[in-house]
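Quick notes on the structure that follows.
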There are 2 protein chains.
Amino acid sequence: MARTRTSLSLEQIIEAAITTLDTVGAEKMTLRGLAAQLDSGVASLYWYASGKDQLMAIVSDELLGRALDEAEALERADQPHPKQFENYPPPEPDGRTSTGTAEGLLQIRRLVLCLFAQMLEHRWLASQLIKAGPDEQNSLSYWELVGQALQNSGLDLTRQLQASMVVSTYASGMGAEVSQRAIEREAAEDAEAQHTAQIDHWASFSEEDFPFVHSVLGEFENLDEASDFVMGLDLVLSGLERLTWD
Amino acid sequence: MARTRTSLSLEQIIEAAITTLDTVGAEKMTLRGLAAQLDSGVASLYWYASGKDQLMAIVSDELLGRALDEAEALERADQPHPKQFENYPPPEPDGRTSTGTAEGLLQIRRLVLCLFAQMLEHRWLASQLIKAGPDEQNSLSYWELVGQALQNSGLDLTRQLQASMVVSTYASGMGAEVSQRAIEREAAEDAEAQHTAQIDHWASFSEEDFPFVHSVLGEFENLDEASDFVMGLDLVLSGLERLTWD
DNA sequence: TTCCATTAGCGAACATTGTTCGATAGCAAC
DNA sequence: GTTGCTATCGAACAATGTTCGCTAATGGAA
């Protein structure tokens, strides 16, 4: 009277893996835990992926794909970025910038912010994207889209290549840093207290040795976790824009 | 007639850990291996650090400290950057930029490049710096130095804070990405063949779907592993410079 | 010199994890 | 009915971070 053996599918596994990763994080997520959530055995997972690393690569590529879809949808709807970034309007292009360049930079901005939105939702994604090179399918598409947006910029080919890699690299690199800070913040039971404690700790250092840190402690309330990422992205794009002037 | 038990010191452990990490990488470095190299027992390491994580945090902070020392030495010698970056001269400041700002940006550039030099020498460093927040001593000093370089830039305090965090975050985030690619390249026995194989693989995708990738494949020979990092850094700094104009 | 608390070192065992192996059940085709 | 392929899983393996408890050295106080 054995119950029917559970039957899996890659989509189910991906789904379960995402929720597990979201709740416990990348380090703490174990194949046994994942199998248990699927009401299945550990070894079964090895039929769908060669191991934990590849499984996470597959899952990451899935989320990267969703980011690409979102970006395409936004472009069709003529939206400059996902709605959660309304407080960060794209900077005005300079008068010296060709409309082709300005449009390309806006496309890049939209694309990267869509990816960053996924990173905010899935804190483990960025560091995983770092580990897996541009081998997976969607990773290549992402790079391609960034590059296409640069083709009308007037930059020479070498610069286009360099810029495309800088932008793609920026997203995962900076995203990983921001995600890490978010993870630490969430790990503390009381995030608010943790934050003020951190600031107090910094304030405890000698003002003589750390004048800048002291001068700036009061400004933290003006920032949220997305500020760094978006400002850095806009700095890079601003620098790229300026490259096209000469 | 037992041989004298080996006596350790934190400095020895750090030294051995660095060489071990350099040779086998962060994942493959085990406490047992480290203890063996020190001709000591595993449990002994726990007297000096609370575990593997803290040990790596200590080691990372040590290397960050060396980067700070190097930057200070270079500043005293009036060198714009470590000698391995001679092929990447700092960009000319624009006429609209105050000398105070231009000097500050150069200081930041020198500092970040010194850290990046350590990352090139120690491939595991960047991703480790991501994991450990700005708690350790030298990490705070690093942030402070970046901030001090911004104090004469004319930016308001909130912008100073934001910019300082963007720059510090950029270094480890982008460094982690670049390091990861270098690790993968070294993992292959024949790095050269691996590289051309990668390019061939990209070339195998349809030119219709990936026009940019195809257009740019021939440009890879113009880049080295430091290109991305330095160009991205200069883009960020260029964007910062432009922020001070308005 | 003797005693003893502190510092430092270490072997052995533990718990957890990714991974592999071999067996087996469902199932479709011949 | 036999065969072969797909999918599943329990059990065992190997590696690793960590803890426990015991022991050796050290050096100052009695």
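Below, read A as the first sequence line, B as the second, and so on, with proteins coming before strands; counting in each chain starts at 1. Keep in mind that this is a model prediction, so the values were computed, not measured.
Between A/F229 and A/Y170, the two ring planes are tilted [angle within 30° to 60°].
When the P atom of C/dC10 is taken as reference, atom CD1 of B/I13 falls 10 Å away, rounded to whole Å. As rounded to whole Å, 12 Å separates atom P of C/dA8 from atom CD of B/E11. Rounding to whole angstrom units, CG of residue A/L34 and C1' of C/dT19 are separated by 15 Å. Residue B/Y46 contributes atom OH, which lies 19 Å from atom P of C/dA8 at whole-angstrom precision. Here the C1' atom of nucleotide C/dA8 and the CG atom of B/L10 are 14 Å apart, to the nearest Å.
Between B/E72 and B/R110 no salt bridge is recorded (no basic side-chain N to carboxylate O distance below 4.0 Å). Between B/D53 and B/K131, none of the side-chain N atoms (NZ, or NE/NH1/NH2) sits under 4.0 Å from a carboxylate O, so this pair counts as no salt bridge. A salt bridge links A/E177 with A/R181: at least one charged nitrogen is closer than 4.0 Å to a carboxylate oxygen. One finds no salt bridge joining B/E70 and B/R66 here, because no Lys/Arg side-chain nitrogen approaches an Asp/Glu carboxylate oxygen to under 4.0 Å.
Near-neighbour residues of DNA chain C inside residues 47-58 of chain B, defined by a heavy atom below 4.0 Å, number-ordered: B/W47, B/Y48. Shown for residues 14-32 of chain A: residues whose heavy atoms fall under 4.0 angstrom of DNA chain C, namely A/M29, A/T30, A/L31, A/R32.
Distance check, rounded to the nearest 0.5 Å: CD of B/Q84 to CZ of B/F116 gives 9.5 Å.
Contact of the B/L21 side chain with the B/H122 side chain is not registered, since no non-hydrogen atoms from C-beta on lie closer than 4.5 Å.
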